[in-house]
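Dropping the structure in here first, questions after.
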Number of protein chains: 2
Amino acid sequence: MRADAQRNRERLIEVAHAVFKERGLDAPLDEVARRAGVGPGTLYRHFPTREALHEAIMATWIEEVSAHVEKAMATEGGCREKLLAWFEEYVGLLTRHQGAAAKITASLGCEDSPLRTKCQTYADANESVLTEMADHGMLREGVDNLDVCRLLGGVATMADQSSLEPRDVRPMLDVIANGVLKS
Amino acid sequence: MRADAQRNRERLIEVAHAVFKERGLDAPLDEVARRAGVGPGTLYRHFPTREALHEAIMATWIEEVSAHVEKAMATEGGCREKLLAWFEEYVGLLTRHQGAAAKITASLGCEDSPLRTKCQTYADANESVLTEMADHGMLREGVDNLDVCRLLGGVATMADQSSLEPRDVRPMLDVIANGVLKS
DNA sequence: AGTGAAGCGGAGGAAGTCTCCGCTTGCATG
DNA sequence: CATGCAAGCGGAGACTTCCTCCGCTTCACT
């Protein structure tokens, strides 16, 4: 790739990140192009679809996921406290951009989604936490990772769409934790 | 209201129902107008916003909710079976139209949503079922109706966006039931 | 039949998406 | 350094959808 094209690509990702943060994942793509100082044609050549741009942005988040797992697992207390801390991290990760939670979670079950490989990182992180719970004999029988991811994705989507505060989200996570852990 | 206006209004609701069912709640309103045989101006006079049209359609669903509660509560078995049957009914009601689950649930917490009064019916129905559980001493302490509605709304939204079958939804409802009931 | 108001419809402006193609620019090569 | 050309750019414009405005039609009452 030519050096100028590379520069444009990076600048577009950077600007798109800012625009999507301000105006949600549905923000006009032409504005992304305008603020990046390129024509719409350039944007659409680098990222043929809106999803391609989402994917490029999320790629930068993926690297941070394992740090969030470790942070949650370092929480004081028992399995329940650790699990809830992780659930809060998970929802926080998914609600970084307005509209992202629903898209990310929808891509989990879908083989041919372009986002899937990226989003699998979230599912893998959740699985590692659930495995930790299982190792301590705290996980209920028959609890499936994908189902928990979808439940958390649903909570994140509701939080996103209703602009819920963490204190409004917590009780929902409590219910899920009760449903996931042996009591 | 003039008789012709009344006819147009009813016809618009009928056609919108069909169009939204086929193409989701985001279907072009101009197509609704076209298929109803009226101009866009007529549609927008009767229903100034997309939400007003959604509201008019949902009004016809509201009447059926209590029947669904009764159907679920007539399920063979204990509290858990009844609750799960109701959860399935609830998710089914919310996923009637593509995109409806998220909107309905988002309106629950929002005082000034035009959909709120209609959607409150769903929340009330769920509350009546939870109360039934509580009366049998099966409800965990501190479980809040709005939180359960949001959890179910999240599940319905995921089911909607990922086109999940009932057999894929069931395990998620199991987790919520475990989280809601005493074990 | 006449009349006034209610209602209609479609032209058209605004906003967004996405493509096409003529022009520009980076860079490998002599 | 000069040159050739493929890679890349940008913006005009076609298309879609939303929504409004206003001249014309139709209803309903007398």
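Throughout, a chain's letter reflects where its sequence line sits, starting with A, and its residues are numbered from 1.
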Given DNA chain D, 5'-ward residue of the pair B:Pro48 and B:Met1, judged by closest heavy atom: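 Nearest-nucleotide comparison on DNA chain D picks B:Pro48.
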Quick one: which of C:dG10, D:dC18, D:dG11 gets closest to the side chain of A:Pro40?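 The nucleotide sitting nearest to the side chain is D:dG11.
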Closest of D:dC18, C:dT17, C:dG26 to the A:Asp4 side chain is C:dG26
Pairing of B:Arg80 and B:Asp174 as salt bridge, 4.0 angstrom limit: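 Looking at B:Asp174 together with B:Arg80, the answer is yes, because their closest N to O distance falls below 4.0 Å.
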Calculate the interatomic distance between B:Arg7 atom CZ and C:dG7 atom P; express it in whole Å. 12 Å
Counting side-chain heavy atoms from C-beta on, which of C:dT19, D:dA7, C:dC8 comes nearest to A:Arg2? D:dA7
So, is A:Thr42 close to the D:dG10 phosphate, meaning a side-chain N or O under 4.0 Å from OP1 or OP2?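 Affirmative; the distance criterion is met.
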How is A:Ala33 classified with respect to the nucleic acid when contacts are heavy atoms under 4.0 Å: base, sugar-phosphate, or nothing?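 No contact.
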Rounded to whole angstroms, how far apart are CG on B:Leu43 and P on D:dT17?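 My rounded result for the distance is 15 Å.
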Would you indicate which nucleotide in C:dT17, D:dG10, C:dG9 comes nearest to any side-chain atom of B:Val38? C:dG9
Please determine if A:Asp147 and B:Arg170 form a salt bridge, counting it only when a charged side-chain N lies under 4.0 Å from a carboxylate O.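 Looking at B:Arg170 together with A:Asp147, the answer is no, because their closest N to O distance does not fall below 4.0 Å.
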Which of these nucleotides, C:dT17, D:dC9, D:dC19, is closest to any side-chain atom of A:Pro28?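 Selected nucleotide (nearest to the side chain): C:dT17.
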Taking A:Val175 as the fixed residue, which of B:Leu151, B:Val175, B:Asp144 is the one that meets the side-chain contact (heavy atoms from CB on, under 4.5 Å) rule?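 Between A:Val175 and the candidates, side-chain contact (heavy atoms from CB on, under 4.5 Å) is satisfied uniquely by B:Leu151.
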In terms of the nearest nucleotide of DNA chain C, which residue is placed more toward the 5' end: A:Arg45 or A:Ala27? A:Ala27
Using whole Å, report how far CG of B:Leu29 lies from P of D:dC19. 7 Å
Take the protein atom CG of B:Asp26 and the nucleotide atom P of D:dC19, then report the distance between them rounded to whole Å. 12 Å
What's the closest nucleotide to the side chain of B:Asp30 if the choices are D:dC19, D:dG8, D:dG10?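 Side chain of B:Asp30 sits closest to D:dC19.
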Please work out which of the three classes, parallel, tilted or perpendicular, describes the rings of B:His97 and B:Trp61, given edges at 30° and 60°. perpendicular
Whole-Å distance between C:dG9 P and B:Arg11 CZ? 12 Å
Output yes when a side-chain donor or acceptor of B:Lys82 lies under 3.5 Å from a complementary backbone atom of B:Met73, and no otherwise.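 Indeed, once roles are kept as given, a pair shorter than 3.5 Å links the two residues.
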Whole angstrom value for the distance that separates P of C:dT17 from CZ of A:Phe47: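 The distance from CZ of A:Phe47 to P of C:dT17 comes to 16 Å, rounded to the nearest Å.
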Does B:Arg50 reach the main-chain N or O of B:Leu25 with its side chain, forming a donor-acceptor pair under 3.5 Å?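 Yes: the side chain of B:Arg50 pairs with the backbone of B:Leu25.
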Would you mind reading off the distance between B:Arg34 atom CZ and D:dC19 atom P, rounded to a whole angstrom?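 The distance from CZ of B:Arg34 to P of D:dC19 comes to 18 Å, rounded to the nearest Å.
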A:Asn8 side chain N/O closer than 4.0 Å to the phosphate oxygens (OP1, OP2) of D:dG8?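 Answer no for this pair, as no side-chain N or O of A:Asn8 is under 4.0 Å from OP1 or OP2.
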Is any side-chain nitrogen or oxygen of A:Tyr44 closer than 4.0 Å to OP1 or OP2 of C:dT19?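 Answer no for this pair, as no side-chain N or O of A:Tyr44 is under 4.0 Å from OP1 or OP2.
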Taking only side-chain N and O atoms of A:His46, does any of them lie within less than 4.0 angstrom of OP1 or OP2 on D:dG8? no
How long is the line joining CG of A:Leu25 and C1' of C:dG16, in whole Å?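 Spelled out: CG on A:Leu25 to C1' on C:dG16 is 16 Å.
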